[in-house]
Peer 1: 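Take this structure first; my questions come after.
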Amino acid sequence: MSACTAAVTVGEEPHRVRAALAFDVEVLEDNNWVEVPVLPDGVALSAITLDGRTASVYRRDGQHRLALRGTGRHRVTVEYLAPVNAGRGTSSTRLVLPQAPVVTVVATVPRADVDVVLDNAVIRAVDRQAGRTIVQAALLGARTTTVSWFRRVEDDDRETTVFGELATVLSVGEGVLRGRSNASYTIHGSGVSRLRLEVPSSLTVLEVNGAGVDRWAFEDDADEEVDRRVLRVDLNHRAQGSAMLAIEFEMP
């Protein structure tokens, strides 16, 4: 199977995405039938062609498959629709990909004021024109990826006030203390795209989860006198009203 190109288009109706895939298959067996796995079962195929003609697939062992016979190179195109999940300012869809060594994705969103993220992909180019955002990316040996898009964070002059509440559960083991803190925020005003927590320097943060969490890291300007550090959490949207973070940690 050759490299695959995937054109992903968000429709004007934002609840679904159209995915169009194209790749080549080289058949080396001359006498016997060869089964080609196209996509996993569960994908609602809307169209499939083989060398420009409508083709038929069948399902076996959890795969949509094509049956080919005779040596030669064939062009396969596949189209399917994927649902969109939306919440807290972020929309996303899960793409299912063929067993190609490399997949090049071109994702188009009909809005120019959004950022687009593809899980485990290398972003090659971002183009905003004519009211659209077009992102080109590449994935190596991936079978699935999630495409997310959300409104770009813009500055706002309105004053913002944030109230926070922290609830922590601890578990004492042999030589280590493990815990989970739920940080609940109430946000008034224009909203925030970054949240901060002060934690002891001896504490090791394992994971930070929450709706719209983009990345997290410790700020460099630690207060050595009080032996504490500031954990910075960047969001992929401007949070308003409420937000919640779940922080997993351990310490000796």
Side-chain angles (χ1 to χ4, degrees), residues 85-94 113-126 133 135 137-140 142 144-252:
N85 300 313
R88 286 192 175 272
T90 299
S91 298
S92 64
T93 188
R94 178 177 176 267
D113 61 342
V114 297
D115 285 328
V116 180
V117 175
L118 284 82
D119 288 353
N120 303 316
V122 177
I123 302 297
R124 291 178 172 176
V126 179
T133 299
V135 175
L139 297 106
L140 182 63
T144 63
T145 187
T146 299
V147 182
S148 305
W149 59 97
F150 41 86
R151 187 174 180 179
R152 302 180 70 188
V153 176
E154 299 176 355
D155 293 332
D156 196 315
D157 293 334
R158 289 182 298 164
E159 183 179 357
T160 297
T161 304
V162 180
F163 299 91
E165 182 176 342
L166 197 66
T168 301
V169 175
L170 299 176
S171 173
V172 181
E174 294 186 6
V176 66
L177 182 73
R178 293 184 174 88
R180 173 189 173 99
S181 290
N182 290 332
S184 302
Y185 297 91
T186 302
I187 304 165
H188 300 286
S190 62
V192 296
S193 58
R194 176 173 293 171
L195 299 168
R196 289 182 172 88
L197 284 136
E198 190 180 67
V199 302
S201 297
S202 58
L203 183 147
T204 300
V205 175
L206 304 175
E207 191 63 61
V208 178
N209 294 304
V213 171
D214 187 16
R215 62 180 64 89
W216 58 272
F218 283 102
E219 296 185 344
D220 295 333
D221 52 344
D223 191 343
E224 297 180 356
E225 294 183 359
V226 295
D227 195 29
R228 300 183 72 82
R229 297 185 295 171
V230 174
L231 176 66
R232 185 187 72 242
V233 181
D234 293 327
L235 306 178
N236 59 22
H237 67 288
R238 186 174 290 277
Q240 294 176 308
S242 64
M244 178 173 287
L245 301 175
I247 301 98
E248 305 280 350
F249 63 87
E250 67 180 18
M251 61 188 302

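Source: prediction; values computed, not measured.
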Peer 1: Applying side chain to side chain contact (heavy atoms under 4.5 Å, CB included) to Val233 and Ile247, what does each step give before you reach the verdict?
Peer 2: CA-CA 11 Å; Val233 181; Ile247 301 98; over 6 Å; no
Peer 1: Just verifying a value: how many Å separate Glu219 CD and Arg232 CZ, rounded to the nearest 0.5 Å?
Peer 2: 5.5 Å
Peer 1: Glu207: which residues meet the side-chain hydrogen bond (donor to acceptor under 3.5 Å, both in side chains) condition with it, sequence neighbours left out?
Peer 2: none
Peer 1: If the condition is side-chain hydrogen bond (donor to acceptor under 3.5 Å, both in side chains), which residues does Arg94 pass it with, not counting sequence neighbours?
Peer 2: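 Result, side-chain hydrogen bond (donor to acceptor under 3.5 Å, both in side chains) vs Arg94: none returned.
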Peer 1: With heavy-atom distances below 4.5 Å as the criterion, would you say the side chains of Leu235 and Asp214 are in contact?
Peer 2: no
Peer 1: Apply the test side chain to side chain contact (heavy atoms under 4.5 Å, CB included) to residues Thr186 and Val162: give CA-CA distance (whole Å), side-chain angles for both, the deciding distance (0.1 Å), then the verdict.
Peer 2: CA-CA 6 Å; Thr186 302; Val162 180; over 6 Å; no
Peer 1: To the nearest 0.5 angstrom, please state how far the CG atom of Asn182 sits from the CG atom of Asn209.
Peer 2: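 Between atom CG of Asn182 and atom CG of Asn209 there are 10.5 Å.
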Peer 1: Hey, could you give me the CZ/CZ distance between Arg196 and Arg229, rounded to the nearest 0.5 Å?
Peer 2: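 Result: 15.5 Å between the selected atoms.
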Peer 1: Can you tell me how far apart CG (Leu166) and CD (Glu198) are? Round to the nearest 0.5 Å.
Peer 2: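 CD of Glu198 is found 11.5 Å from CG of Leu166.
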Peer 1: Which pair of heavy atoms, one from Thr160 and one from Gly191, lies closest together, and at what distance?
Peer 2: OG1-N, 3.3 Å
Peer 1: Consider only side-chain N and O atoms of Thr90 and Asn236, and report whether a donor and an acceptor are under 3.5 Å apart.
Peer 2: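 Present: a donor and an acceptor within the cut-off.
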Peer 1: Please enumerate all residues that pass side chain to side chain contact (heavy atoms under 4.5 Å, CB included) together with Asn85, with sequence neighbours excluded.
Peer 2: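 Scan of Asn85 (side chain to side chain contact (heavy atoms under 4.5 Å, CB included), adjacent residues dropped) gives Ser92.
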Peer 1: Counting N and O atoms only, with roles assigned by atom type, does the side chain of Ser171 sit under 3.5 Å from a partner on the main chain of Arg178, one being a donor and the other an acceptor?
Peer 2: no
Peer 1: Compare every heavy atom of Arg228 with every heavy atom of Ser201, then report the nearest pair and how far apart it is.
Peer 2: OG-N, 3.3 Å
Peer 1: Report yes if some heavy atom in the side chain of Val116 is under 4.5 Å from a heavy atom in the side chain of Val126; otherwise report no.
Peer 2: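 Contact flag for Val116/Val126 side chains = no.
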Peer 1: Quick check: closest heavy atoms across Val213 and Val208, and the distance to 0.1 Å?
Peer 2: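 Answer, listing the atom of Val213 first, then Val208: CG1-O, 4.2 Å.
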Peer 1: Taking all atoms of both residues into account, what is the closest heavy-atom pair of Met251 and Leu203, and its distance?
Peer 2: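 Closest heavy-atom pair between Met251 and Leu203: CB-CA, 4.0 Å.
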Peer 1: If we only count heavy atoms from C-beta on, is the Thr168 to Phe249 side-chain gap below 4.5 Å?
Peer 2: yes
Peer 1: Are the side chain of Ser91 and the backbone N or O of Ala86 linked by a donor-acceptor pair below 3.5 Å?
Peer 2: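 No.
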Peer 1: For Thr145 and Asn120: C-alpha separation, side-chain torsions, deciding distance, then whether side chain to side chain contact (heavy atoms under 4.5 Å, CB included) applies.
Peer 2: CA-CA 7 Å; Thr145 187; Asn120 303 316; 5.6 Å; no
Peer 1: Got Leu197 and Leu245 here, is their nearest side-chain heavy-atom distance under 4.5 Å?
Peer 2: yes
Peer 1: Around atom CG of Asp234, are there more than 12 heavy atoms from other residues, nucleotides or ligands closer than 6.0 Å?
Peer 2: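 Atom CG in Asp234 is packed in, count exceeds 12.
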Peer 1: Determine, stepwise, if the pair Val205 / Trp216 fulfils side chain to side chain contact (heavy atoms under 4.5 Å, CB included).
Peer 2: CA-CA 10 Å; Val205 175; Trp216 58 272; 3.7 Å; yes
Peer 1: Minimum heavy-atom separation for Val114 to Thr133, with atom names?
Peer 2: CG2-OG1, 3.6 Å
